Amino acid sequence: MRTRTRRPMASLLAAAGLAGLALLVAPAARADDSATTAPATPEASASASGSSSSGDAAPTEAGTNFRTATPVKQGQQATASASTGDYLYWTFPADTGQNVTVKATVTFPSTAARHGASTWQIDVYDGLRRRQPCRYGMQTRTAAADATTVELACTLRAVRSFAEPWSNDPLRGAYYLRLAVLDMPQTDLGLPVQAAITASSHGTAGRQAVDGSVTPVVTANGPDLAPSGGWAGTWWSPRWLWTGGGGLLAVLVALGAHRLARGPVRPFGPRTTGEPMRPREPAGYSGTSGYSG
């Protein structure tokens, strides 16, 4: 009987303790809720909108080396005002299975008088600063003295998720674009020019996909550089579809070969009784041999 009376008392004491704890925590929780649900001040909302708009805006300047390269997203048109003879650098992300195409346009002001033709070139480097060759496109072009613009283009090989150390295959990660003039009259050094670049990409077929897992090669100067949808995973590639289709085709071929090898199948076999079949006696057989002892 003592045990029965102690249990209800213990439960009552526990309930009272929980109620008191709830009363103590309630004011703090209300204060936190009021703090979180308080309307944002105009200054805070203005700063947030300004930061988002500035982050989405296309850059209007360029770096002068790899370490100061200006980040740009794929599809954005980055512009920069520079002088003839400067090296202009931008950096953009490229993910697995993308065929990257880089375009650059150099515009010469009409007020500047040039004394001769100038040769311009764009170079693309991967995250390891390895120069990547162009599959096609006018990577180097010469602008006449009276030309107003010169357009350059370069399409890289498909970006891979895995490559051998000895190969020069492009790996996913940060890519650098450099725009520079190769040849020009010395008297034209320092003339103002306007540069505009755009980096875009499209997907590739399954034959160019490679299985593997490599961390995106991104330098410490741009750790936040990434595609708009984030880096893609490397466990999946279209080769899984090719492998599954090949396996299914092999099974169908094996079934067809087995069907041809065993011949036609009779739907109804001969009727048999439960007794075993006995051999028949040949004609003229009397059952005794012709030998007499």
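A quick note: this is a predicted structure, and the numbers were derived from the prediction, not measured.
Between the side chain of Q74 and the backbone N or O of P93, at least one donor-acceptor pair lies under 3.5 Å. R114 places a side-chain N or O within 3.5 Å of a backbone atom of A144 that can act as its donor or acceptor partner. T107 places no side-chain N or O within 3.5 Å of a backbone atom of T149 that could act as its donor or acceptor partner. Between the side chain of T91 and the main chain of Y175, a donor-acceptor pair closer than 3.5 Å is present. For the pair Q139 (side chain) and I122 (backbone), a donor-acceptor distance under 3.5 Å is present. D86 places a side-chain N or O within 3.5 Å of a backbone atom of S83 that can act as its donor or acceptor partner.
A 4.5 Å side-chain heavy-atom check between N99 and S201 finds every atom pair outside the cut-off. At least one side-chain heavy atom of F108 sits under 4.5 Å from a side-chain heavy atom of V150. Side chains of V106 and L179 form a contact here, defined as non-hydrogen atoms less than 4.5 Å apart. Counting heavy atoms from C-beta outward, T105 and T198 have side chains that stay 4.5 Å or more apart. Inter-residue side-chain proximity for D169 and R157 is flagged as met; some heavy-atom pair is nearer than 4.5 Å. Under the 4.5 Å side-chain criterion, counting only non-hydrogen atoms from C-beta, R131 is not in contact with V124. In this structure the side chain of T64 never reaches within 4.5 angstrom of the side chain of Y87, judged on heavy atoms. Between L152 and M138, the closest side-chain pair of non-hydrogen atoms is not below 4.5 Å.
Heavy atoms only, all atoms of each residue included: P71 and P59 are closest at O-CG, 3.7 Å. When all heavy atoms are compared, the tightest approach of V72 to W90 is CG1-CB, 4.3 Å. Of all non-hydrogen atoms in S81 and Q194, the two that sit nearest each other are OG-OE1, 2.7 Å. Smallest separation of non-hydrogen atoms from V193 and P109: CA-CD, 4.3 Å. Heavy-atom minimum distance, T140 versus Q121: OG1-OE1, 2.9 Å.
Distance check: D183 CG to W120 CH2 gives 11.5 Å after rounding to the nearest 0.5 Å. Atom NZ of K103 is separated from atom SG of C154 by 12.0 Å, given to the nearest 0.5 angstrom. In this structure, CG on L171 lies 6.5 Å from CG on L128, to the nearest 0.5 angstrom. For the atom pair CE of M184 and NE2 of H115, the computed distance is 10.0 Å after rounding to the nearest 0.5 Å. Distance check, rounded to the nearest 0.5 Å: OG1 of T70 to CG of L177 gives 11.0 Å. A distance of 6.0 Å separates CZ in F66 from CZ in R178, rounded to the nearest 0.5 Å.
Of the options D126, D95, V100, a side-chain contact (heavy atoms from CB on, under 4.5 Å) to V159 is made by V100 and by none of the others.
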- Task: For side chain to side chain donor-acceptor pair (under 3.5 Å), just list the numbers for S200 and T101, CA-CA rounded to whole Å, side-chain angles, deciding distance to a tenth of an Å, and then say yes or no.
- Result: CA-CA 5 Å; S200 59; T101 300; 5.1 Å; no
- Item | side chain to side chain donor-acceptor pair (under 3.5 Å) between Q186 and D188, intermediate numbers included | CA-CA 5 Å; Q186 294 292 330; D188 291 346; over 6 Å; no
- Task: Quick one: do D123 and Q132 satisfy side chain to side chain contact (heavy atoms under 4.5 Å, CB included)? Show the steps, please.
- Result: CA-CA 8 Å; D123 298 307; Q132 296 296 325; over 6 Å; no
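Ring pair Y176/F92: centre-to-centre distance not below 6.0 Å.
By the 6.0 Å and 45° rule, R130 does not stack over the aromatic ring of Y125.
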